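Below: one structure, written as structure tokens.
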There are 2 protein chains.
Amino acid sequence: MAQKNTLRFVILGLLSKEDLSGYDMKKRFEGEIGDFWYSNHSQIYPELRKMEEAGLVKPQTQIVGQKMEKKSYHMTDAGREALLEWLQKPLGALLPSRDEFAMKLYLIDDPADPEARRLFQEEIIRHEEKLAYLKTRWTVLFASEEDQSHHFGHAAVLLHAIQRETQHLRWVKKTLRSLPNSAE
Amino acid sequence: MAQKNTLRFVILGLLSKEDLSGYDMKKRFEGEIGDFWYSNHSQIYPELRKMEEAGLVKPQTQIVGQKMEKKSYHMTDAGREALLEWLQKPLGALLPSRDEFAMKLYLIDDPADPEARRLFQEEIIRHEEKLAYLKTRWTVLFASEEDQSHHFGHAAVLLHAIQRETQHLRWVKKTLRSLPNSAE
DNA sequence: TAAACCATGTAACCCGTTACATGATTAT
DNA sequence: ATAATCATGTAACGGGTTACATGGTTTA
């Protein structure tokens, strides 16, 4: 044994809301779900096969256009049961985080090191892009109060992501300003 | 090719501060470095071998007690060069984050669902433990202003981790309080 | 008609976890 | 004595990334 196969339950979670094809799931992961889960299609398709064999999902093939096949998966009762069990299972320990930015920063002992400045600027760009994307999603999805209350979890998670990115950027910018002006 | 072997550069980074054995590195990862990087000894030892073959590090065997061997690794010039190159290389794209708590929360559409309450309580416990640990480390390591200025990166990263955990807990607790009192 | 996108798969490889394995040293 | 810790390794396996591979459909 080596890992947990959380992807299986993530897929069940997505299917609990609507029937989806593997391709659709990939698109979800590329969207705002990507803020807390992600998977490549090369991992999704084989997993769907295994889930089908295990009786957790059932594909319904439909034809798009003239002949292109699209398999939409539907959750079985066994699938729903497995999902509920997973939801009730306690969260494991906090995963070890691996943060390249923090690692590099840790290695810089001298705030006057020009590398520090460059590193911070990179970090700002990366996270400003992400924050902008999240904010767009918020306005698109939850323009009205009503939408928020009907998708409690989704709204909560998205709002939290926005706050986290905002906070992170504030810290990065503040720390950058506190660096000595090495090149002036 | 499939991944990046960041561990190699993390190890070089640790060695840039002091000579260490594989065992020592593991201890570092179990300490506050664990907040931004982690690795098991079963990954560290083979990597050190490969790095030795690549001429990036050199072991110096010393004897502890009567016969127990301890290999302390020292960075070679080639190793230092490789580290500098890595430090200057731009950060890659933001890694896909996989957050089981957020995933589960996303699946809960109804704030009155009793699962929501339980989930938040679990999350609070996990992160309060972590925050307490980080705060202890701060007082131990950076009691004086002078310590902070001599280890700029380390202090910045640790302080940031404390802020992040504090912020996260504040959000979790606030959201928990906003849940309808389903069982009262 | 060409580019962008839809749609599904497989293969190779590396990363990381868990478990197996062994033995010495230090602290209680 | 014995338990905790020091210290170093290997093996098996699952998770995840990148690349290879193919073909249909829609849009400009």
Side-chain angles (χ1 to χ4, degrees), chain A residues 1-11 19-31 34 36-54 57 59-73 92-100 103, chain B residues 1-11 19-31 34 36-54 57 59-73 92-100 103:
Chain A
M1 156 198 3
Q3 244 119 306
K4 292 208 302 178
N5 203 359
T6 308
L7 175 60
R8 170 165 299 200
F9 301 102
V10 169
I11 288 176
D19 287 5
L20 294 169
S21 69
Y23 189 88
D24 296 331
M25 293 174 196
K26 180 70 201 301
K27 286 288 153 191
R28 296 290 184 285
F29 290 136
E30 281 167 1
F36 49 89
W37 209 268
Y38 181 81
S39 197
N40 294 298
H41 77 272
S42 59
Q43 206 183 351
I44 295 169
Y45 290 121
E47 183 59 34
L48 283 169
R49 282 290 180 85
K50 282 189 274 175
M51 290 168 74
E52 189 189 339
E53 278 164 37
V57 297
Q60 285 155 326
T61 304
Q62 58 220 82
I63 301 296
V64 178
Q66 300 300 309
K67 52 164 92 165
M68 197 173 67
E69 290 194 352
K70 174 171 177 154
K71 285 194 223 174
S72 269
Y73 286 87
L94 253 12
L95 288 181
S97 52
R98 292 184 175 92
D99 179 343
E100 205 180 312
M103 186 69 225
Chain B
M1 159 199 2
Q3 243 118 308
K4 291 205 305 175
N5 202 0
T6 308
L7 174 59
R8 170 164 300 199
F9 301 101
V10 169
I11 287 176
D19 288 5
L20 294 169
S21 68
Y23 189 88
D24 295 331
M25 293 172 196
K26 179 69 201 302
K27 287 288 152 189
R28 296 290 185 286
F29 291 136
E30 282 166 1
F36 49 89
W37 209 269
Y38 181 81
S39 196
N40 294 298
H41 78 272
S42 59
Q43 205 183 351
I44 296 167
Y45 289 121
E47 185 58 33
L48 282 169
R49 282 290 180 86
K50 283 189 275 175
M51 291 169 74
E52 188 188 338
E53 280 164 37
V57 297
Q60 284 154 324
T61 304
Q62 59 219 82
I63 302 296
V64 179
Q66 301 301 307
K67 53 164 93 166
M68 198 171 69
E69 290 193 353
K70 173 170 178 157
K71 285 195 224 175
S72 269
Y73 286 86
L94 253 11
L95 287 181
S97 53
R98 293 183 175 95
D99 178 343
E100 205 180 313
M103 187 69 226

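None of these values were measured; they are calculated from a predicted model. Chain identifiers are assigned alphabetically (A, B, ...) following the order of the sequence lines, protein sequences preceding nucleic acid strands; residue numbering begins at 1 within each chain.
Under the salt bridge (Lys or Arg N to Asp or Glu O under 4.0 Å) criterion, B:E30 pairs with B:K26, B:K27, sequence neighbours left out. For the side chain to side chain contact (heavy atoms under 4.5 Å, CB included) test, residues two or more places apart in sequence or in another chain that qualify with A:E69 are A:T61, A:I63. Considering only residues two or more places apart in sequence or on other chains, A:D19 meets the salt bridge (Lys or Arg N to Asp or Glu O under 4.0 Å) condition with none of them. Shown here are the ring pair (Phe, Tyr, Trp, His ring centres under 6.0 Å) partners of A:Y38, two or more places apart in sequence or in another chain: there are none. Applying the ring pair (Phe, Tyr, Trp, His ring centres under 6.0 Å) criterion to A:F36, with sequence neighbours excluded, gives B:Y106. Among residues two or more places apart in sequence or in another chain, the salt bridge (Lys or Arg N to Asp or Glu O under 4.0 Å) test is passed with A:K70 by A:D24. Partners of B:L94 by side chain to side chain contact (heavy atoms under 4.5 Å, CB included), not counting sequence neighbours, listed by chain and number: A:R126, A:H127, A:K130.
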Review item, side-chain donor-acceptor pairs of residues 41-48 of chain A, under 3.5 Å, at least two apart:
from: A:Q43; atom 1: OE1; to: A:S39; atom 2: OG; distance (Å): 2.9
from: A:E47; atom 1: OE2; to: A:N5; atom 2: ND2; distance (Å): 3.4
from: A:E47; atom 1: OE2; to: A:R8; atom 2: NE; distance (Å): 2.8
from: A:E47; atom 1: OE2; to: A:R8; atom 2: NH2; distance (Å): 3.2

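Nucleic acid contact for B:K27: sugar-phosphate only, since backbone atoms but no base atoms lie under 4.0 Å from a heavy atom of the residue. Among the heavy atoms of the strands lying under 4.0 Å from B:R98 are primed sugar atoms or P, OP1, OP2 only; no base atom is included. Heavy atoms of B:R8 sit nowhere under 4.0 angstrom from any nucleic acid atom.
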Protein-nucleotides 11-13 of chain C N/O pairs closer than 3.5 Å?
none

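Considering only side-chain N and O atoms, A:K26 lies nowhere under 4.0 angstrom from the phosphate OP1 or OP2 of C:dT8. OP1 or OP2 of C:dT8 has at least one side-chain nitrogen or oxygen of A:S21 nearer than 4.0 Å.
Put simply, CG on A:N5 is 16 Å from C1' on C:dT18, counting in whole angstrom units. Following rounding to the nearest Å, A:Q43 (CD) and C:dT8 (C1') show an atom-to-atom distance of 16 Å. Put simply, CD1 on B:I44 is 14 Å from C1' on C:dC15, counting in whole angstrom units. One interatomic measurement links the two molecules: CD1 of A:I11 to P of C:dT8, which rounds to 12 Å at whole-angstrom precision. Rounded to whole Å, atom P of C:dA7 lies 16 Å from atom CD of A:Q60. When the C1' atom of C:dT8 is taken as reference, atom CE of A:M25 falls 13 Å away, rounded to whole Å. For A:K4 and C:dT18, the NZ to P distance is 9 Å, given to the nearest whole Å. In this structure, the OH atom of B:Y38 is 14 Å from the C1' atom of C:dC15, given to the nearest Å.
Taking CH2 from B:W37 and CZ from A:R98, the interatomic distance works out to 6.5 Å, rounded to the nearest 0.5 Å.
At a threshold of 4.5 Å between non-hydrogen side-chain atoms, the residues A:F29 and A:N40 do not count as touching.
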Stepwise side chain to side chain contact (heavy atoms under 4.5 Å, CB included) check, A:Y73 with A:E52 = CA-CA 9 Å; A:Y73 286 87; A:E52 189 189 339; 4.2 Å; yes

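Bending across the helix from C:dT1-D:dA28 to C:dT28-D:dA1, expressed as the angle between its end axes from five pairs apiece, amounts to 40° (10° rounding).
Comparing B:T6 and A:H41 against DNA chain C, the residue whose closest nucleotide sits nearer the 5' end is A:H41. Comparing B:P96 and B:E69 by the nucleotide of DNA chain D that holds the closest heavy atom to each, the one mapping nearer the 5' end is B:E69.
Mapping heavy-atom proximity under 4.0 Å, the span of DNA chain D touched by chain A runs 5' to 3' from D:dC13 to D:dT25.
B:E100 and A:T6 are not linked by any side-chain donor-acceptor pair at a separation below 3.5 angstrom, with hydrogens and angles left out of the test.
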Quick tally for nucleotides 22-28 of chain C: nucleotides whose base has a protein heavy atom under 4.0 Å get B, sugar-phosphate-only ones S, the rest -, giving -BSS---

